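This is a predicted model, so every value here is computed, not measured.
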Amino acid sequence: MQPIHTLHDFFVRTGADVHLYHMGRRVEPCSLEALSRFEEGTCAWPAPWQGQARLGIVFRLGDLVDPLIWFLALPLDEQGLLVPAPRDAFLQRLLVILGRNVDRVGREAQDGSDIENLMHDNPLAFTPSLPFQAMLHAHATHDTGKSASQHLEPVEAYLSGQQQVDWQFLGLQGLADFAVRLDDEAARQLAATMPSLPDEVLNSLCYCLEHVAVPDMLAHALRDRGEQAAAMGHLETLCACVRAVSGADVAIAGAWFDELLADSAACGPDLLAAIAGRGWEHLEDGERLPRFLERLAEQPQADFASAVRDLALIPRLRLPVLMMLREARQDSAVGRRLAGLGQ
């Protein structure tokens, strides 16, 4: 029997029906091939979060009826590559529990309890936020051809404007199912009802939309609500809209980010965190990135070092961020922050 050295090896050897999901910056599918390359050390993790590669793993072994779910946070080094020792310790514990005979897992652990218990007191395990959990469930049911939750129907009725529903009874899981299954017609209807949505509904919806691609017409409607929120001083709703628009085309999201970054009064730590956390792809721009770093450095409440370190772990941003830090003038906000870190 060939030894098992990686998580990829384990899932391949057991013949598991497995679906992987990024659980760091967004909840989105991750291929087994991407996990394999990452574990081999040939590439950095594409979407790191707080120095970790966060994974949601939904899998079924052998004759198990219900899938098992693991949430693993694998530590990264300063280049975004896997730190293997914690992963190796996890695998060793897994193989001990299974008696090292992975070929018999599905037959000997019919209820999956042995493997599920592996998550107890596991240093790599983490508990995602409720919106992340809802989005994972929505993706998993969609990707495996299962029906959405019972909460989807009232959400569709409410957001389409076709039926009066008390918004306080709308479930987060229904909003997540709606976001994952969003099509052009649903986006058109949502854009039409967007001006009348209560902030409470809009905020929760945005925490789901931030994980998916947003069609242009919906992105424009979200921007309008975000600007309205900014004018009224509703910071949470503004940031929620910014996060959701991050999934739109760069011509829309990038243009809005440019306007926000041009206004020093708008660029508080919460807004900058929203741009960095969900809109990082739009920072891959020779003018937008230095403007963002300058605004970040100007905020005394922002943890400049931590935020920059997190951005620099993203493979496509690593070199641009490092170059801009190296080239920062000493009298600039970035230069002063760097000087302060060196003291």
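Ring centers of H22 and W49: at least 6.0 Å apart, outside the cut-off. With ring centers used as reference points, F126 lies 6.0 Å or more from W70. Residues H19 and F59 place their aromatic rings such that the two centres sit no closer than 6.0 Å.
Of the possible donor and acceptor atoms, one in the side chain of Q133 sits under 3.5 Å from a partner among the backbone N and O of P128. Under a 3.5 Å cut-off, the side chain of D9 and the backbone N or O of H5 do form a donor-acceptor pair. Of the possible donor and acceptor atoms, none in the side chain of S332 sits under 3.5 Å from a partner among the backbone N and O of A328. A donor-acceptor pair is defined here as one N or O able to donate and one able to accept, closer than 3.5 Å; such a pair exists between the side chain of S196 and the backbone of T193. Although no hydrogens or angles enter the test, the distance criterion places no donor-acceptor pair under 3.5 Å between the side chain of S36 and the main chain of L32. A donor-acceptor pair is defined here as one N or O able to donate and one able to accept, closer than 3.5 Å; no such pair exists between the side chain of Q330 and the backbone of R336.
Transitive grouping of hydrophobic side chains (ILVMFWY, heavy atoms separated by less than 4.5 Å) brings F257 and M324 into a common cluster. Hydrophobic clustering keeps L82 apart from L313 (ILVMFWY residues linked when any side-chain heavy atoms are closer than 4.5 Å, directly or through intermediates). Hydrophobic clustering (side-chain heavy atoms under 4.5 Å, transitive across Ile, Leu, Val, Met, Phe, Trp, Tyr) groups V308 together with L341. V12 is not connected to F90 by any chain of hydrophobic side-chain contacts under 4.5 Å among Ile, Leu, Val, Met, Phe, Trp and Tyr, and they are in different clusters. A single hydrophobic cluster is not seen to contain both M217 and L222; linkage of ILVMFWY side chains at heavy-atom distances under 4.5 Å, directly or through other members, places them apart.
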Derivation of the side-chain contact (heavy atoms from CB on, under 4.5 Å) call for R225 and L202
CA-CA 9 Å; R225 276 301 300 265; L202 177 60; 3.6 Å; yes
Take Q173 and L152 through the test side-chain contact (heavy atoms from CB on, under 4.5 Å) and record every step on the way to the result.
CA-CA 7 Å; Q173 187 59 60; L152 174 59; over 6 Å; no
Checking salt bridge (charged side-chain N to carboxylate O under 4.0 Å, His left out) for the pair R337/E294: CA distance, chi angles, key distance, verdict?
CA-CA 10 Å; R337 277 289 194 132; E294 193 74 8; over 6 Å; no
Checking side-chain contact (heavy atoms from CB on, under 4.5 Å) for the pair Q52/L74: CA distance, chi angles, key distance, verdict?
CA-CA 5 Å; Q52 298 171 332; L74 304 171; over 6 Å; no
Assess whether side-chain contact (heavy atoms from CB on, under 4.5 Å) is satisfied between L72 and L7, documenting all intermediate values.
CA-CA 11 Å; L72 298 178; L7 292 168; 4.1 Å; yes
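A side chain to side chain contact (heavy atoms under 4.5 Å, CB included) with R295 holds for exactly one of I275, L272, V334; it is L272.
Looking at heavy atoms from C-beta onward, P48 lies in side-chain contact with I314 at the 4.5 angstrom threshold. With contacts defined as side-chain heavy-atom distances shorter than 4.5 Å, the pair C30/Y21 does not qualify. At a threshold of 4.5 Å between non-hydrogen side-chain atoms, the residues F38 and L81 do not count as touching. With a 4.5 Å cut-off on side-chain heavy atoms, M23 and L136 count as touching. For the pair L218 and V214, the minimum side-chain heavy-atom distance is below 4.5 Å. Here the side chains of L338 and L325 are in contact, with some heavy-atom distance below 4.5 Å.
By the side-chain contact (heavy atoms from CB on, under 4.5 Å) test, V250 is found to be paired with H282, R288, residues two or more places apart in sequence or in another chain being considered. For F178, the ring-ring contact (aromatic ring centres under 6.0 Å, His included) criterion is met by no residue, not counting sequence neighbours. Partners of D331 according to the salt bridge (Lys or Arg N to Asp or Glu O under 4.0 Å) rule, which considers only residues two or more places apart in sequence or in another chain, are R329. Under the ring-ring contact (aromatic ring centres under 6.0 Å, His included) criterion, H137 pairs with no residue at all, not counting sequence neighbours. Partners of T42 according to the side-chain contact (heavy atoms from CB on, under 4.5 Å) rule, which considers only residues two or more places apart in sequence or in another chain, are R37, E40. Residues meeting the ring-ring contact (aromatic ring centres under 6.0 Å, His included) test with F292, sequence neighbours left out: none. With sequence neighbours excluded, the residues that form a salt bridge (Lys or Arg N to Asp or Glu O under 4.0 Å) with E185 are R188. Scanning for salt bridge (Lys or Arg N to Asp or Glu O under 4.0 Å) contacts around R60 gives D17, with sequence neighbours left out. The salt bridge (Lys or Arg N to Asp or Glu O under 4.0 Å) search around R309 returns none, not counting sequence neighbours.
Looking at H234 and D199, their side chains do bring a donor and an acceptor atom within 3.5 Å of each other. R25 and S246 share no donor-acceptor pair across their side chains, judged by distance under 3.5 Å alone.
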Using residues 259-268 as the side-chain source, report each donor-acceptor pair under 3.5 Å to any protein atom, sequence neighbours left out, with the distance given to one decimal.
residue: E259; atom: OE1; partner: R223; partner atom: NH2; Å: 2.8
residue: E259; atom: OE2; partner: R223; partner atom: NH2; Å: 2.9
residue: D263; atom: OD1; partner: A265; partner atom: N; Å: 3.0

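With rounding to the nearest 0.5 angstrom, the CZ atom of R54 is 11.0 Å from the CG atom of L76.
Residue pairs that meet the side chain to side chain donor-acceptor pair (under 3.5 Å) test with at least one member in residues 71-89, sequence neighbours left out, are E39-R87. Residue pairs that meet the side chain to side chain donor-acceptor pair (under 3.5 Å) test with at least one member in residues 203-214, sequence neighbours left out, are N203-T237, Y207-E236, E210-R243, E210-R278.
Residue E153 qualifies as open at atom CD: its count of foreign heavy atoms under 6.0 Å is 12 or below. More than 12 heavy atoms of other residues, nucleotides or ligands shown are found within 6.0 angstrom of CD on Q50.
The nearest pair of heavy atoms linking M135 to V212 is CE-CG1, 4.0 Å. Across all their heavy atoms, V58 and P67 have their closest contact at CG1-CB, 4.0 Å.
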